[in-house]
Amino acid sequence: MSKKVIMGCITILIIIAIGFGLWTNTKNTDEPITIQQISIAIIPLSFTGYTVCIAKQKGFFKDFGLNVQLKKSYSNGKETLSAIRKRETDFAVSSETPFIRAVMKGDKIYALASMITAQKHLGIVARKDRGINSPKDLENKKIGVTMGSNGEYFLDLVLTLNRINKSSIQTVNVRPGQMVQALVDGKVDAITTWNPQKIQAINKLKNQAVVFTTEGIYSPYFIISAQKEYIHSNPQIIKRVMQSLYKSAQYISENLAESKQMVSQFLKIEDDILEEMSATYSFNLALEPSLLLTLEDQTKWANKINKNKLVKLPNYLEYIYTDALKKVAPENVTIIK
């Protein structure tokens with residue numbers, strides 16, 4: 001075979017190789033992401049939706065092919081979880097207590113991740129001019145609380161720690177948005193509530209306010225949930241939601257000042273209140289054993305106040321969906337199923 005023929009064959013092979021490489025690269029190029037429409041129920045004037053709000057404001061949902069509608073007509077977690085059961089929305093943000101209540105009622109739901117853990121989030125704000133200076137002074141007083149929320153659990157915890165019989169107080173069911181005014185107007189002697197209402201109430205009463213907490217004993221979790229049927233039917237959407245929220249949590253940790261400014265405008269929370277609140281919150285998309293323990297402890301409490309009507313305590317491993325977060329941030333999933 002002549003040298004000219006050999007060189008010609010080599011040239012042809014090189015051309016074929018280059019062409020194959022280009023074809024392979026073209027084939028491996030990601031195809032355009034199909035935009036998916038989803039909705040998330042959040043609670044206005046509540047810190048629970050912080051991570052979701054940042055993801056929306058910064059366009060992180062859009063980065064992962066999600067067009068998100070935030071539904072804000074709900075006043076508490078019980079209502080957001082009811083919304084996913086009624087198919088009014090795809091996802092719901094709540095604290096762990098309404099999630100527990102929903103499971104106990106038989107709702108087929110999954111917790112996808114906790115987004116925030118909160119120190120000093122809850123408190124009992126009481127009026128000194130009603131003779132309240134210590135937790136013991138709550139006896140024979142009227143206390144506002146949102147029944148079915150973690151405020152109810154918190155109130156029982158404070159009463160237990162201070163050996164106060166629950167029958168010695170009068171509880172009044174007050175919606176979160178009406179808490180501060182109910183206290184200021186004197187309709188109740190104290191309120192059990194969460195931020196920002198807790199700090200707003202303190203600021204309104206000024207030196208007439210006294211606050212009782214359970215620092216170091218109980219810290220709520222803010223979680224995102226969806227119906228099991230929806231999750232199993234839309235695994236790619238669930239993964240995209242986790243990707244968006246994980247990116248949001250990272251952004252918040254690295255850009256606290258900018259995040260506060262955005263959330264302050266979005267949730268209509270005053271800058272000074274948000275500044276005071278933010279120092280006691282941890283932003284991390286995770287599924288940790290401590291969440292499981294909190295769910296179990298509160299279920300025992302809820303079962304007790306319901307006079308042990310629950311025959312069998314739920315196995316919460318069956319109500320936690322780990323697959324999506326494992327694909328996004330496996331190191332953040334320490335719950336073993």
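With rounding to the nearest 0.5 angstrom, the CD1 atom of I116 is 11.0 Å from the CD1 atom of I224.
Heavy-atom contacts from other residues, nucleotides or ligands closer than 6.0 Å to NZ of K78 number 12 or fewer. In I217, the CD1 atom is crowded: over 12 heavy atoms of neighbouring residues, nucleotides or ligands sit closer than 6.0 Å. Heavy-atom contacts from other residues, nucleotides or ligands closer than 6.0 Å to NZ of K141 number more than 12. Atom CD of E258 sits in a crowded spot, with more than 12 heavy atoms from other residues, nucleotides or ligands closer than 6.0 Å. Residue-environment remark: NZ (K187) stays at or below the threshold of 12 foreign heavy atoms within 6.0 Å. Around NZ of K228, the count of heavy atoms belonging to other residues, nucleotides or ligands within 6.0 Å exceeds 12. The neighbour count for E229 CD, taken as heavy atoms of other residues, nucleotides or ligands under 6.0 Å away, does not exceed 12.
Residues F212 and L138 have side chains in contact (heavy-atom distance under 4.5 Å, counting atoms from C-beta outward). Looking only at side-chain heavy atoms (C-beta outward), W194 and T48 stay at 4.5 Å or farther from each other. Counting heavy atoms from C-beta outward, Y251 and S259 have side chains that approach closer than 4.5 Å. Y321 is listed as a side-chain neighbour of D323, based on a closest heavy-atom distance under 4.5 Å. Side-chain contact between L183 and L205 is present, with heavy atoms from C-beta onward closer than 4.5 Å. Inter-residue side-chain proximity for I202 and V211 is flagged as met; some heavy-atom pair is nearer than 4.5 Å. Residues I43 and V93 fail the side-chain proximity criterion, which asks for heavy atoms closer than 4.5 Å. Proximity of L155 to L122: side-chain heavy atoms (C-beta onward) are nowhere separated by under 4.5 Å.
T89 places no side-chain N or O within donor-acceptor distance of the main-chain N or O of A83, the cut-off being under 3.5 Å. A donor-acceptor contact shorter than 3.5 Å is absent between the side chain of N162 and the backbone of K136. Under a 3.5 Å cut-off, the side chain of N67 and the backbone N or O of Q36 do not form any donor-acceptor pair. Judged by distance alone, with hydrogens and angles left aside, the side-chain atoms of T80 form a donor-acceptor pair with the main-chain N or O of G77 at under 3.5 Å. Here the side chain of D137 pairs a donor or acceptor atom with the backbone of S134 at under 3.5 angstrom. Under a 3.5 Å cut-off, the side chain of T146 and the backbone N or O of V174 do form a donor-acceptor pair.
Under the side-chain contact (heavy atoms from CB on, under 4.5 Å) rule, T192 has a single partner from V158, L157, I124, which is I124. Only one option out of I238, I109, I84 pairs with Y230 in a side-chain contact (heavy atoms from CB on, under 4.5 Å); it is I238.
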query = Should D107 and K105 be marked as a salt bridge (charged side-chain N to carboxylate O under 4.0 Å, His left out) after you check the CA-CA gap, both sets of side-chain angles, and the distance that decides it?
reply = CA-CA 6 Å; D107 283 8; K105 282 171 53 180; 5.4 Å; no
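Inspection of the N195 and Y281 side chains reveals an N or O donor paired with an N or O acceptor under 3.5 Å. Side-chain contact annotation: Q298 with T97, donor-acceptor N/O pair under 3.5 Å present. For the 3.5 Å distance criterion, the side chains of S167 and N165 qualify, holding a donor opposite an acceptor. Counted by atom type alone, Y218 and T294 present zero donor-acceptor pairs between their side chains at under 3.5 Å. No side-chain donor from either of Y319 and S225 sits under 3.5 Å from a side-chain acceptor of the other. S75 and E79 share a donor-acceptor pair across their side chains, judged by distance under 3.5 Å alone.
Ring geometry for F283 against Y50 counts as tilted: the plane angle lies between 30° and 60°, on a 0 to 90° scale.
Note on D189 versus R130: salt bridge recorded, some NZ/NE/NH1/NH2 to OD/OE distance being below 4.0 Å. Residues R101 and E96 are not paired through a salt bridge, judged by the lack of any N-O separation under 4.0 Å between the basic side chain and the carboxylate.
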